[in-house]
Amino acid sequence: MADTQYILPNDIGVSSLDCREAFRLLLPTERLYAHHLSRAAWYGGLAVLLQTSPEAPYIYALLSRLFRAQDPDQLRQHALAEGLTEEEYQAFLVYTAGVYSNMGNYKSFGDTKFVPNLPKEKLERVILGSKAAEQHPEEVRGLWQTCGELMFSLESRLRHLGLGKEGITTYFSGNCTMEDAKLAQDFLDSQNLSAYNTRLFKEVGQDGKPCYEVRLASVLSTEPILDSEMNSKLKSYEFQGSNFRVTRGDYAPILQKVVEHLEKAKAYAATSHQEQMLAQYIESFTHGSIEAHKKGSRFWIQDKGPIVESYIGFIESYRDPFGSRGEFEGFVAMVNKAMSAKFEWLVASAEQLLKELPWPPAFEKDKFLTPDFTSLDVLTFAGSGIPAGINIPNYDDLRQTEGFKNVSLGNVLAVAYATQREKLTFLEEEDKDLYIRWKGPSFDVQVGLHELLGHGSGKLFVQDEKGAFNFDQETVINPETGEQIQSWYRSGETWDSKFSTIASSYEECRAESVGLYLCLNPQVLGIFGFEGADAEDVVYVNWLNMVRAGLLALEFYTPEASSWRQAHMQARFVILRVLLEAGEGLVTVTPTTGSDGRPDAQVHLDRNKIRTVGKPALERFLRRLQVLKSTGDVAGGRALYEGYAAVTDAPPECFLSLRDTVLLRKEARKLIVQPNTRLKGSEVQLLEYEASAAGLIRSFSERFPEDGPELEEILTQLATADARFWKCPSETPSGQA
């Protein structure tokens, strides 16, 4: 059997998202609006398969055909007859549920490959003897031949997502290196093109010079259209001795279905802002224009307090090894009014609270643009995973001048982060009951502060294309050096493009640190209804949770490549290092032996020193983070951040050795079962599923009732058209041409 790092355990937690009451309260038109937005999100989410690994679309197609022909109970009888044990069949269900949840065969949280926890030859017998294989023998056999080996392969380069020799990615062709990614970013910056909706394919021309294709995601391909903004970009360029060609049409048939449902949703929009927002998204996905998506995002920001909230597009860049390309995601949710009221109070206090942050006023935005901040019950979240909270849009220029929205996903928080006492690791016994009682409430506070005042704070110093600065060069002083500002962002440069591989993690670290720092404020605690001893417990558990998370983060570090695979977890490890460095016994991490005789560890946080030792240490660190970010000081930012993110076996913590203990004791991240919506006549129905691997599979089997086989064919055709860029799978499966 495979190393436990690369399998999903049979007892993995599975929870169902509960949004029944919020959906029940929607008016008929609101339900129709939510339904079509959900359909658009689910269709678009299929693009993630093509953004993950070469084999992911084939695996998805194979599993979908299998479970469309026989539901999990029916297939179980066949599997047992073929010689599988109950445990092996459950392992196959868990693997399938994992592929659906992550939209591919790599974990969305950690970017590690996972493989079926049963013998390959047994799974092959089940697949080739299945009802799906009886009905479509050539197609099923062709899919298995294309993806079977890669499904199980744990060859070193295939164990993690990464670029070049460090891993596999389909954001870049297999022959691209980090140097190619940097050159491509410089090219994109020179043309004022965003990387968010692109992939990069490299070939070598007959003259030996590299030729790069920058392919934009769009319904339209390269045929000329009356579309001046994008047409002027679609051509060949010579740049720094290399040839670049900008094309479009990536994921075209998938985005066509997204656009169709956005058009239908437009008919049920509640406001003109929603109509204009959807019109711009349609423009963006049709033509491949990020500028149109920005325009749509402006209308989205202006659409204050909608009953049905949504966002869709190429959004988060965590899984691009270079940190610039966005993964497709789309969500649809309904407002939770009780928790939203608390967030509204937090927003009302934001301008005052921003003054508490440990950097000079010149390093803060000129004007705080009051955002929406709502707690939502998710109906649909399509992509590779579901976060606890979101602060979007990610476009720096919009955030500086137009603002943003904050979203806390209440029904996700309720199920994804619940903890059982017996599964709590690395805490002192006397902390466990307190931790269980206050983890949820403290996390609400942390998410609120992280999203609103973490991601929502700080200014980038920019010189625009006309040479004008958005700060006073004469009077603004760098508090770290005592000198005038020496560096800034030039026109076309963004936070992501400049800080690239560390941008996401650095920013998550800054936001998490703001949350820890401001949760000490009695005014904040009062907003969430905590005072006295309860307030102190919330603070203690919030800090304790961050310290424990920093230790758990070691699961996502790869010693062989000296690299981190997950931005949020790297950020939490950095914070742990900062608090350990504060000294005076504030935080200790001690290797121990568990009651089972195996290696264990224990974290200790001295609650009496949080304010006297922890707060000053965090204050110094936060100020340095913000100053380096504001000034675009990449060299200084990398030196600071990568210094804290380094994992060594230096005493007293010996983190490399502790990593083995963390892997030994790790608990798999929960799988989330989401409902479907179904249009029956003019009425929208909510279809819910049981909280199990089988329930999750059923939800996907019923997700595309009209065009499931067509979608699978589209996915495999798109994957096959580009297969040569990764060498394998290289043959077109039978029946998929």
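FYI, side chains are in, hydrogens and waters are out, and symmetry mates aren't considered; it's all heavy atoms of this structure. In this chain, numbering begins with 1 at the start of the sequence shown. In this text the structure is predicted, and so the values were computed from the model without any measurement.
- With respect to the salt-bridge test (charged N to carboxylate O, under 4.0 angstrom), the residues D111 and R565 do not qualify.
- Taking the six-membered ring wherever Trp is involved, the centroid distance between the rings of F314 and F328 falls below 6.0 Å.
- Residues D496 and T494 bring no donor and acceptor atom of their side chains to less than 3.5 Å of each other.
- Between the side chains of T271 and D303, at least one donor-acceptor pair of N or O atoms lies under 3.5 Å.
- The aromatic rings of Y311 and Y281 stand perpendicular to each other, their planes meeting at an angle above 60°, with 30° marking the opposite boundary.
- Ring pair F285/H293 is tilted by interplanar angle, where 30° to 60° counts as tilted.
- Listed by chain and residue number, nothing satisfies the ring-ring contact (aromatic ring centres under 6.0 Å, His included) test with Y33 (two or more places apart in sequence, or in another chain).
- When the options W42, F67, F700, Y95 are evaluated for a ring pair (Phe, Tyr, Trp, His ring centres under 6.0 Å) with Y100, the one that passes is F700.
- Y318 pairs by the ring-ring contact (aromatic ring centres under 6.0 Å, His included) definition with H568, not counting sequence neighbours.
- Here CG of L220 is found 11.5 Å from OG of S289. Values are rounded to the nearest 0.5 Å.
- Figure legend: cation-pi geometry between R215 and F201, with NZ or CZ positioned under 6.0 Å from the six-membered ring centre and within 45° of its axis.
- In this structure, a donor-acceptor pair under 3.5 Å is absent between the side chains of E688 and S16.
- For R698 and Y689, the positive end is not near the middle of the six-membered ring at less than 6.0 Å and at most 45° from its axis.
- Side-chain atoms of K202 never come within 3.5 Å of backbone atoms of T177 as a donor-acceptor pair (strictly under, hydrogens ignored).
- Judged by a 6.0 Å distance limit and a 45° cone about the ring axis, R399 is positioned over the six-membered ring of F404.
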**OP:** Please assess K294 against E291 for the test salt bridge (Lys or Arg N to Asp or Glu O under 4.0 Å), listing each intermediate value before the final yes or no.
**Re:** CA-CA 5 Å; K294 281 186 182 180; E291 283 305 311; 3.6 Å; yes
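- The pair K295-E283 does not meet the salt-bridge criterion, since no charged nitrogen lies less than 4.0 angstrom from a carboxylate oxygen.
- Between E706 and K257 there is no salt bridge, since no side-chain nitrogen of the basic residue lies less than 4.0 Å from a carboxylate oxygen of the acidic one.
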